[in-house]
Number of protein chains: 2
Amino acid sequence: MRRDVFQAIADPTRRGIILLIAFQAMTPNAIAEHFDTSRQAVSKHLRILTECELVKQEQSGREIYYQLNETKMKEIDRWLEQFKKIWESRFNELDNVLLTMKKKKK
Amino acid sequence: MRRDVFQAIADPTRRGIILLIAFQAMTPNAIAEHFDTSRQAVSKHLRILTECELVKQEQSGREIYYQLNETKMKEIDRWLEQFKKIWESRFNELDNVLLTMKKKKK
DNA sequence: TATTTATGAAACTGTTTGGTTGCAAATATA
DNA sequence: TATATTTGCAACCAAACAGTTTCATAAATA
């Protein structure tokens, strides 16, 4: 069973859940109302999101409020950062090439 | 068959391929050498990455060079942007709360 | 206390996934 | 031209996935 952030956000319903609770913590029932699927299916998604620590639970009586764990979301951002760095350095290389060409022109 | 960027980056081998070719375009054989899997499996991953436009092909004789499509990578970044905005506005709210508290103190 | 409500979990099902093996097509090379 | 190399693709398989139905548990409420 693969269970990491990237596998978690692969499912469109889970991305929907993430976006929904990003605004405010919600209970499974309230979340399920926003999707065209059963409460149990949402519950399973929440379990997956919990397992990879993308969401946190907060019990209040018999209700459980799920909220987004921003720290874990930043993991995705960090992964993207790598590429930004690669692209930046590539642009710098391009700059150098252009600079060399300019020099040769002189 | 779901085929979007998020589904594409869900697989760890595909994330590896993406990172690998981010530095420089490579052929399937060369890519496969970096992973503990068959050339055909890599070929399948490349097909998926191509279908969701995360990579571009460039034929050179019988060799095909695969390179990353940066534009599509930015789609992931845009998705993350939403959350950054939500969090920022939440921090601003927090600022307001703190500001109000300060005023009350006076 | 009996009933309703909120939730998670187990069992089952059809579909998707990631991998393998084998083959065909096209290009390079002897 | 015959052979080797590079590649994609189809068929097949076991595992994982997303969903459903059903049930158990715990808290709220009548």
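The phosphate of D/dA26 (OP1 or OP2) has no side-chain N or O of A/Gln59 nearer than 4.0 angstrom. In this structure, A/Asn29 does not reach the C/dT5 phosphate: none of its side-chain N or O atoms is under 4.0 Å from OP1 or OP2. A/His45 has a side-chain polar atom (N or O) that falls below the 4.0 Å cut-off from OP1 or OP2 of D/dG19. OP1 or OP2 of D/dG8 lies within a sub-4.0 Å distance of a side-chain N or O belonging to B/Tyr66. Put simply, A/Thr37 has no side-chain N or O that comes within less than 4.0 Å of OP1 or OP2 on D/dA18. Regarding contacts with the backbone of D/dA18, a side-chain N or O of A/Arg14 is found under 4.0 angstrom from either OP1 or OP2. Checking the phosphate oxygens (OP1, OP2) of D/dG19, no side-chain nitrogen or oxygen of A/Ser38 falls inside 4.0 Å. A/Ser43 has a side-chain polar atom (N or O) that falls below the 4.0 Å cut-off from OP1 or OP2 of C/dG8.
Here B/Glu88 does not pair with B/Lys84 in a salt bridge; the nearest charged N to carboxylate O distance is not below 4.0 Å.
Positionally, the nearest nucleotide of DNA chain D for B/Arg62 lies more toward the 5' end than for the other of B/Arg62 and A/Gly61. The nearest heavy atom of DNA chain D to A/Ile48 and to B/Pro28 marks one nucleotide each, and the one closer to the 5' end goes with B/Pro28.
Put simply, OG1 on B/Thr13 and NE2 on B/His34 are 14.0 Å apart, with the number rounded to the nearest 0.5 Å.
Distance CD (A/Gln57) to P (C/dT7): 11 Å, rounded to an integer number of Å. For the pair A/Leu46 CG and C/dA6 P, the interatomic distance rounds to 15 Å; values are reported in whole Å. Between the C1' atom of C/dG18 and the CD1 atom of B/Ile17 lies a distance of 12 Å, rounded to the nearest Å. Here the P atom of nucleotide C/dT17 and the CG atom of B/Asp4 are 10 Å apart, to the nearest Å. If you measure from atom CG of A/Asp11 to atom P of C/dT16, you get 13 Å, rounded to the nearest angstrom. Atom CD1 in B/Ile64 sits about 18 Å away from atom P in D/dT5, given to the nearest Å. In this structure, CZ of A/Arg15 is placed 11 Å from P of D/dA18, rounded to the nearest angstrom. Per the geometry, OH belonging to B/Tyr65 stands 16 Å off P belonging to C/dT27, to the nearest Å.
Using bins of under 30°, 30° to 60° and over 60° for the plane-to-plane angle, the ring pair A/Trp87/A/Phe83 lands in the tilted bin.
Remark: the backbone N or O of B/Val55 is not paired with any side-chain donor or acceptor of B/Glu53 at under 3.5 angstrom. At least one donor-acceptor pair closer than 3.5 Å links the side chain of A/Arg14 to the backbone N or O of A/Ala8.
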From CA spacing to verdict: salt bridge (Lys or Arg N to Asp or Glu O under 4.0 Å), B/Lys44, B/Asp11: CA-CA 12 Å; B/Lys44 267 181 119 176; B/Asp11 184 83; over 6 Å; no
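A donor N or O paired with an acceptor N or O is found under 3.5 Å between the base of D/dT22 and the side-chain atoms of A/Gln40.
Listed nucleotides: D/dT7, D/dA18, C/dG19. Nearest to the side chain of B/Lys44: C/dG19. Picking from D/dG8, D/dA18, C/dG19 the nucleotide with the shortest atom distance to the side chain of B/Ala41 gives C/dG19. Closest contact between the side chain of A/Arg39 and the listed nucleotides C/dT17, C/dT7, D/dG8 involves C/dT7. Taking only side-chain atoms of B/Glu63, from C-beta outward, the nucleotide of C/dA6, D/dT7, C/dG8 with the closest atom is D/dT7.
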